[in-house]
Amino acid sequence: MLIHSLKILTLTAIFTLSPRLVALEEPVNAKPILIAGSTTVTELLVEIKDELRNGFGNSIQIRPMGSDKGIKAIADNVIDVGSSSRYLTKIEQEKWPYLKQIVIAQDALAFFINSSLNIDNLTSNELRSIYQGKINTWSSLSSKTPKLSNKNDEILLFSKGTHHGSFDVFLEFLELDYIKDPDTSYIRLKNAGNRGLFSNQRVSLYDHFNQALGIVQRIPNAIAYDSYGAISKLEDDRRINKVTLLSINNVKPSKETIENGDYEFVRPLILIVNTQSPRSKLIGEKLVMLLKSPQVQAKMSNQGYLAVN
């Protein structure tokens, strides 16, 4: 009889304490809503945070950690909604088939350099060769480039960190592969899909758009890339008075060239819902409804992002 009673008590405790069972009855607004992942999507969501907060009647926490970490966090159900600036890979979809991807906007990778170089266009082949170290001086790219010292003529390469969706898209568009130098913040690149050697040219990594902007402002021979939506918001800002947004293959990134497909380096901005979590599903459904409102879509467009219905 005592053993039977203990079994009942144990089962009751398990049923009562199980986080999954408690979550089924927990109101969505019992705690702040946590969205985390892509730094690019974070930039977008921060701009419409007031509309989201008013729509939910609850506080919204938005944390930038990179697409890779955001995908892992929502898969492990430690956040309410994940965000990514790339689609899930086939491996991720097989590993976490319960993750639902919701495209909310289109953005583009924009490459930028210091205006003192007097260069405003590169071909995609030139861009690929630059990041592979095959082209390593600015003066070899344009006759308009002013005479530079050897130090300032050397192309210095910068890239978004490897855990960001922007980096994955960068590799995909330029058909590159990378290797990380141990115990450093550098990577080296080569053509993807061949057995060739990695370049000796080191590529320095950064995590945030403002870092990339500061690098190109301060260093006259640097090249970097990041979200078009993020940089377009600063078009008339003195912080980018030394920065040139490059055209690629004679097409400048803009909302129009992104929408009509003329600009090649376009990528999706995605929210990710864990369909095994009732809380995540409910929040995801409400987010989609709020993001489709004309007011929010207009605000997203004004910030340089192409909203997707």
Side-chain angles (χ1 to χ4, degrees), residues 108-164 166-228 230-231 240-253 263-265 267:
L109 287 193
F111 293 81
F112 40 94
I113 60 174
N114 194 285
S115 299
S116 65
L117 294 171
N118 202 25
I119 295 173
D120 57 15
N121 178 72
L122 291 173
T123 68
S124 52
N125 284 335
E126 285 172 335
L127 204 53
R128 185 180 302 110
S129 294
I130 286 170
Y131 271 94
Q132 287 179 300
K134 294 179 179 179
I135 297 176
N136 49 36
T137 61
W138 287 114
S139 60
S140 64
L141 285 164
S142 172
S143 58
K144 297 179 181 178
T145 301
K147 185 175 177 60
L148 301 168
S149 67
N150 289 338
K151 180 180 177 182
N152 287 342
D153 197 19
E154 177 190 1
I155 299 175
L156 296 184
L157 304 174
F158 292 85
S159 168
K160 203 76 176 271
T162 58
H163 59 284
H164 292 275
S166 300
F167 177 74
D168 295 318
V169 173
F170 161 75
L171 292 181
E172 179 184 347
F173 279 132
L174 291 182
E175 300 176 329
L176 298 172
D177 195 4
Y178 80 100
I179 188 171
K180 194 174 189 306
D181 285 349
D183 302 320
T184 74
S185 59
Y186 301 110
I187 59 170
R188 292 182 290 122
L189 299 164
K190 74 172 183 68
N191 274 333
N194 69 36
R195 299 181 184 275
L197 298 177
F198 282 96
S199 168
N200 289 326
Q201 188 83 8
R202 295 196 299 187
V203 183
S204 301
L205 303 177
Y206 54 87
D207 275 320
H208 300 289
F209 164 68
N210 285 338
Q211 292 173 310
L213 200 62
I215 287 165
V216 172
Q217 285 274 91
R218 294 191 315 271
I219 304 173
N221 48 335
I223 181 170
Y225 64 87
D226 217 293
S227 160
Y228 167 73
I231 196 171
I240 63 170
N241 60 358
K242 294 181 181 178
V243 172
T244 294
L245 188 62
L246 290 171
S247 296
I248 307 298
N249 300 322
N250 293 309
V251 179
K252 195 174 183 69
Y263 188 74
E264 298 177 31
F265 293 75
R267 43 71 179 276

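In this chain, residues are counted from 1 in sequence order. Scope of the values below: all heavy atoms of this structure, side chains included, with no hydrogens, waters or symmetry mates.
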Item to complete: Examine the side chains of Asn125 and Thr123 and answer whether a donor and an acceptor come within less than 3.5 Å of each other.
Response: no
Practice prompt. Indicate whether any N or O donor in one side chain lies under 3.5 Å from an N or O acceptor in the other, for Gln201 and Asn136.
Written response: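 No donor-acceptor contact under 3.5 Å links the two side chains.
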Discussion item. Using side chain to side chain contact (heavy atoms under 4.5 Å, CB included), reason through Val203 and Tyr178 one step at a time and then give a plain yes or no.
Written reply: CA-CA 10 Å; Val203 183; Tyr178 80 100; over 6 Å; no
Worksheet item: Step by step, would you call Asn191 with Gln132 a side chain to side chain contact (heavy atoms under 4.5 Å, CB included)?
Response: CA-CA 8 Å; Asn191 274 333; Gln132 287 179 300; 2.8 Å; yes
Worksheet item: In a check of ring pair (Phe, Tyr, Trp, His ring centres under 6.0 Å) between Phe265 and each of Phe111, Tyr228, Tyr225, which one passes?
Response: Phe111
Worksheet entry | Nearest atoms (heavy-atom pairs only) where Ser124 meets Ile248 |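 Nearest heavy atoms, Ser124 then Ile248: N-CG2, 4.0 Å.
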Item to complete: Could you tell me which non-hydrogen atom of Phe173 sits nearest to which non-hydrogen atom of Arg128, and how far apart they are?
Response: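 For Phe173 versus Arg128, the nearest heavy atoms are O-NH2, 4.2 Å.
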Just wondering, do [Y] and [X] contact through their side chains at under 4.5 Å, heavy atoms?
X      : Y      : answer
Thr244 : Leu117 : no
Leu157 : Arg202 : no
Asn118 : Ser142 : no
Phe170 : Leu176 : yes

Worksheet item: Got a sec, which residues hit side chain to side chain contact (heavy atoms under 4.5 Å, CB included) with Leu122, two or more places apart in sequence or on another chain?
Response: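 Once residues adjacent in sequence are excluded, the partners of Leu122 under the side chain to side chain contact (heavy atoms under 4.5 Å, CB included) criterion are Ile119, Glu126, Leu127, Ile130, Leu141, Ile223, Leu246.
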Discussion item. According to side-chain hydrogen bond (donor to acceptor under 3.5 Å, both in side chains), who are the partners of Asn250, at least two apart in sequence or on a separate chain?
Written reply: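 side-chain hydrogen bond (donor to acceptor under 3.5 Å, both in side chains) check on Asn250 returns Asn121.
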Discussion item. Show, in sequence, the C-alpha distance, side-chain angles and deciding distance for Ser247 and Asp120, and conclude whether the side chain to side chain contact (heavy atoms under 4.5 Å, CB included) test is met.
Written reply: CA-CA 6 Å; Ser247 296; Asp120 57 15; 5.8 Å; no
Worksheet item: Residues two or more places apart in sequence or in another chain: which of them pass ring-ring contact (aromatic ring centres under 6.0 Å, His included) with Phe209?
Response: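 So Phe209 forms no ring-ring contact (aromatic ring centres under 6.0 Å, His included) with any residue.
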